Amino acid sequence: MDSLLHFNFIKEDKKENPLLFKNPIKVLSASTIEEVIPLLKEVEEETSKGNYAAGYVSYEAAPAFDQNFKVNENPDMPLLWFGIYEAPEKTTIKSFRDFRLSEWKAETNIIDYNDSIQQIKNAIEKGITYQVNYTIRLLSQFDGDSIAFYNQMVNAQAANYSAYLNIGDYTVISASPELFFHLRKDGVITTKPMKGTVGRGKNAQEDDDNSRWLYQSEKNRAENVMIVDLLRNDLGMVAIEGSVKVPSLYSIEEYPTVYQMTSTVTAEISDDKTISDIFKAIFPCGSITGAPKISTMNIINDLESSPRNVYCGAIGYITPEKEAIFNVPIRTVMIDNEKGTAQYGVGGGITWDSTEKEEYNEVLTKAKVLDVKPTDFQLLESLGLEEGHYIVLENHLKRMQSSAEFFGYRLDMTAVRTSLNDFASQHKEGKWKVRLLSDRNGEHYIEGKEIKPFTEPVRAELASEPISKDNVFLHHKTTNRGVYENFMQQSGVYDVLLWNEELEITEFTTGNIVVEINDKLYTPPLRSGLLPGTYREDLLDKNILTEKTLRIDDLAEASKIWLINSVRKWVAVELRTKAEVTV
C-alpha cells in the first residue's frame with residue numbers, strides 16, 4: 001500500500017500544526033549502514049529542490065554517524081526511511097473504526113531486569129559510564145485500525161510531538177513528549193532533553209506533591225543535567241562558537257499520566273552545516289543513551305536483547321525552507337503489519353542512586369499511556385440553592401477550578417459566576433438542586449429542579465464488592481459516574497455505601513458519609529478514595545466533623561449514620577449490611 005504519514009509537532013508558538021503526507025514522489029530506504037549517510041544527503045538534495053521530506057532514522061543507524069557506536073546488528077525495520085513529497089496537507093487524521101490489542105507482556109522478566117540494573121551499577125562503579133538509559137520491550141498482538149490506536153494514544157498522552165507513519169510493512173505510532181531538535185529557518189537549533197519522570201496524582205494536592213518532588217529530586221536533577229551537558233558538547237561540534245546556551249533547566253511539564261523534567265539547549269548553526277552534519281554531531285539523542293555515549297551504548301548493546309528500531313531514533317520532517325523538526329520516539333509503538341505484532345519500548349536512566357524497584361515502577365508509569373482510553377466527560381457541580389442563596393458556593397467553585405486544572409480543561413470562572421447569579425435571581429423561593437456542567441473547552445450550562453426535604457431516614461446498603469481507591473474519577477466531580485452507576489443498578493435502595501480494597505469505608509454514591517461513634521462525628525479521609533465533598537469541607541473547617549479511617553467493622557459501633565452533601569445537607573440513613581462481603 002502507499003505510505004501515509006501524519007505529524008502534529010507543537011512548535012514554540014504552542015499551536016497545533018497537523019501535517020499529512022501521502023503519495024510520495026519517491027521513497028528513500030536504507031537497509032545497510034553504508035546507505036544511511038548517502039541517502040540522508042539525497043534527502044537534503046530533494047528539499048533544496050523545493051520538496052518536503054518526512055520519515056525516520058532508526059536507533060540502529062547510529063554507527064553510520066560514528067563507527068564506535070555499538071548497536072544490535074539485526075534490526076527489524078529499515079535503518080532510514082524518508083518519503084519525498086511536493087507538499088503536505090494541513091489536516092488531522094481520524095478513524096471511527098475499532099482495534100484490538102492482546103495483553104502487553106514484557107520481553108524481559110523481572111529477574112533479568114534487576115540483574116541488568118546491577119550490571120549497570122557495576123559499570124558505574126568502575127567508571128565506565130555515569131548513566132545508562134536501559135530499556136525493555138513490551139509485546140502484544142494487534143488487529144484493526146492503527147489510526148484509531150494512534151488517536152487514542154495521542155489523546156491519552158497529550159503529546160507535543162506525535163507522529164503516525166504507515167510505511168507499508170510497518171506502522172509506527174509515536175505519542176512522544178520529547179523534542180530531539182528543531183532547526184529553524186534562521187539557523188537557531190533547539191533541543192529539549194527529557195530526563196526525570198513521576199506519575200500524576202489523583203487530585204490537585206497529590207499532583208502538587210508529585211511535581212514538587214520531581215523538581216526537588218537530586219537524583220532526577222543529576223540525570224537531567226548530565227544529559228544537558230552531553231547535548232551542549234554535541235551541539236558544540238556544529239554550532240557557531242559561543243552560541244550554545246541553556247535558557248531553561250529543570251522545567252516540569254504536565255501530561256495526563258506523568259510529570260516530566262525537561263531542559264532546553266539552544267545554539268546557532270552556520271549556513272554551511274547540513275542535516276547530515278547535525279545528525280553526526282548529536283544522534284542518537286543523549287537522553288536515550290546516557291553518558292558518555294560510546295561506552296554507554298556498548299553497555300546497552302550487551303544488555304538489551306532486541307533491537308530498538310525506530311524507538312529512540314528520530315522521527316520528523318524537513319521543509320524546502322531548511323526547517324527541520326524531529327522528535328525522540330519514546331512512547332512509541334511499532335506494528336509489523338504482516339505479522340500483526342506490536343512492540344513498545346520503555347525504560348529510564350539508571351544512575352548509581354537508582355533502585356530496581358523505583359526504576360521498574362517508572363517503567364510501569366510510562367507504559368500507562370498504552371491502556372488509557374480517553375473518556376469524554378464534563379466537569380459537574382451539584383449545588384444546593386435555598387431561598388435564592390447557594391450553599392457553600394465558594395467550595396464548589398474552588399473544587400471545579402481544581403478539577404479543571406487537573407484535567408487540563410478551560411474554565412471561565414467569571415462567566416460561571418454570572419450564570420449562577422442569574423439562575424439564583426430567578427429562583428428566590430424554595431429549595432433547588434442546581435447542576436452546573438462545563439466541558440473541555442469551557443462551555444458551560446446550568447439546569448435545576450425544585451426538591452422537597454426527606455421526612456424519614458433513607459435506606460442504603462453496603463456495596464457487595466470494593467472500589468479501587470486509585471480510580472481518579474472518585475476524586476473529582478464529573479459526569480463520568482460509571483463506578484457509582486454500576487453499584488446503583490444492582491441495588492433497590494436509595495443509595496449504596498462504598499468501601500475500598502483495604503475494607504475502608506469511603507462514601508455513598510450521592511454524598512459523603514458521617515458516623516456517630518461514642519458521641520463524636522467522623523468522616524473518612526480523602527486518601528481512602530472519595531470525593532472531596534464541598535459540604536464535608538465546610539463541616540471539617542468548622543470542627544463539626546473529624547477525619548478518621550473507618551473500616552467496615554466500625555459500622556457496628558455507629559449509633560447514627562448520615563449521608564451529607566450541599567444539596568440536602570444532613571440525611572439520616574438506615575444502613576442494611578450484608579452477612580458477607582466479597583473481598
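All of these numbers come straight from a predicted model, not from anything done at the bench.
Identified under the side chain to side chain donor-acceptor pair (under 3.5 Å) test for residues 72-84, with sequence neighbours left out: Asp76-Asn309. For the ring-ring contact (aromatic ring centres under 6.0 Å, His included) condition, the pairs that include at least one residue of residues 318-348, sequence neighbours left out, are Phe181-Phe326, Phe279-Phe326. Within the structure, ring-ring contact (aromatic ring centres under 6.0 Å, His included) contacts touching residues 222-265 (residues at least two apart or in different chains) do not occur.
Rounding to the nearest 0.5 Å gives a distance of 3.5 Å between CD1 of Ile350 and CD1 of Ile117. Between Lys90 atom NZ and Asn17 atom CG the span is 6.5 Å, to the nearest 0.5 Å. Separation of atoms CD1 (Ile318) and CD1 (Ile84) is listed at 8.0 Å; rounding is to 0.5 Å. The line from CG of Leu139 to OG1 of Thr108 is 9.0 Å long, rounded to the nearest 0.5 Å.
Here Arg221 pairs with nothing under the salt bridge (Lys or Arg N to Asp or Glu O under 4.0 Å) rule; sequence neighbours left out. Every residue was checked against the salt bridge (Lys or Arg N to Asp or Glu O under 4.0 Å) condition with Asp412, not counting sequence neighbours, and none meets it. With sequence neighbours left out, His182 forms a ring-ring contact (aromatic ring centres under 6.0 Å, His included) with no residue at all. Among residues two or more places apart in sequence or in another chain, the ring-ring contact (aromatic ring centres under 6.0 Å, His included) test is passed with Phe7 by Phe9, Phe21, Tyr317. For Tyr215, there are no ring-ring contact (aromatic ring centres under 6.0 Å, His included) partners two or more places apart in sequence or in a different chain. Among residues two or more places apart in sequence or in another chain, the salt bridge (Lys or Arg N to Asp or Glu O under 4.0 Å) test is passed with Glu253 by Lys192. Qualifying salt bridge (Lys or Arg N to Asp or Glu O under 4.0 Å) partners for Glu206, counting only residues two or more places apart in sequence or in other chains: Lys202.
For CG of Asp186, the number of neighbouring non-hydrogen atoms (other residues, nucleotides, ligands) closer than 6.0 Å is greater than 12. Residue Glu321 qualifies as enclosed at atom CD: its count of foreign heavy atoms under 6.0 Å is above 12. In this structure, Gln67 places its CD atom where only 12 or fewer heavy-atom neighbours from other residues, nucleotides or ligands lie under 6.0 Å away. Heavy-atom neighbours of Lys273 NZ from other residues, nucleotides or ligands within 6.0 Å: above the threshold of 12. Heavy-atom contacts from other residues, nucleotides or ligands closer than 6.0 Å to CZ of Arg100 number more than 12.
A perpendicular orientation is assigned to the rings of Phe377 and Phe407, their planes being inclined by more than 60° (bins at 30° and 60°).
The main-chain N or O of Gly348 is never found under 3.5 Å from a side-chain atom of Glu359 such that the two would form a donor-acceptor pair. Using a distance-only test at 3.5 Å, with no hydrogens or angles considered, a donor-acceptor pair links the side chain of Tyr56 to the main chain of Pro78. Not one N or O on the side chain of Glu443 forms a donor-acceptor pair closer than 3.5 Å with the backbone of Asp439. With hydrogens and angles disregarded, a donor-acceptor distance shorter than 3.5 Å links the side chain of Asp207 to the backbone of Gly201. Side-chain N or O atoms of Asn166 include none that pairs as donor or acceptor with a backbone N or O of Leu4 at under 3.5 Å. The backbone N or O of Ile167 sits nowhere less than 3.5 Å from a side-chain atom of Ser3 that would complete a donor-acceptor pair. In this structure a side-chain-to-backbone donor-acceptor pair under 3.5 Å is missing from Ser162 to Ala159. In this structure a side-chain-to-backbone donor-acceptor pair under 3.5 Å is present from Asn224 to Lys195. Although no hydrogens or angles enter the test, the distance criterion places a donor-acceptor pair under 3.5 Å between the side chain of Arg200 and the main chain of Phe406. A side-chain donor-acceptor contact under 3.5 Å links Asn327 to the backbone of Tyr161.
Thr262 approaches Met194 most closely through the heavy-atom pair CG2-CE, 3.4 Å. Between Ser95 and Asn151, the shortest heavy-atom distance links the atoms N-ND2, 3.4 Å.
Side-chain contact check for Gln118 and Asn114: no donor-acceptor pair (N or O, by modelled atom type) lies under 3.5 Å. A donor-acceptor contact closer than 3.5 angstrom links the side chains of Ser270 and Asp272. At a cut-off of 3.5 Å, with distance as the only test, no side-chain donor of Thr341 or Asp336 sits close to an acceptor on the other residue. Using modelled atom types and a 3.5 Å distance limit, the side chains of Asp66 and Asn68 yield a donor-acceptor pair. Between the side chains of Ser146 and Tyr164, at least one donor-acceptor pair of N or O atoms lies under 3.5 Å. Side-chain polar atoms of Glu304 and Thr135 form a donor-acceptor pair below 3.5 angstrom.
The pair Lys293-Asp234 meets the salt-bridge criterion, since a charged nitrogen lies less than 4.0 angstrom from a carboxylate oxygen. Ion pair Lys219/Glu223 flagged as a salt bridge, since at least one NZ, NE, NH1 or NH2 atom sits closer than 4.0 Å to an Asp/Glu carboxylate oxygen.
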Which atom pairs, donor and acceptor, lie under 3.5 Å between side-chain atoms of residues 281-292 and protein residues at least two apart or in another chain?
unit_1, atom_1, unit_2, atom_2, d
Ser287, OG, Glu178, OE2, 2.6
Thr289, OG1, Gly286, O, 3.3

Only distances under 3.5 Å count here; give the side-chain donor-acceptor pairs of residues 43-53 to other protein atoms, sequence neighbours excluded, each with its distance to 0.1 Å.
unit_1, atom_1, unit_2, atom_2, d
Glu44, OE1, Ile275, N, 2.7
Glu44, OE2, Ser276, N, 3.4
Glu44, OE2, Ser276, OG, 2.9
Glu46, OE1, Asn51, ND2, 3.1
Glu46, OE2, Lys26, NZ, 3.1
Thr47, OG1, Glu44, O, 2.8
Ser48, OG, Glu45, O, 2.6

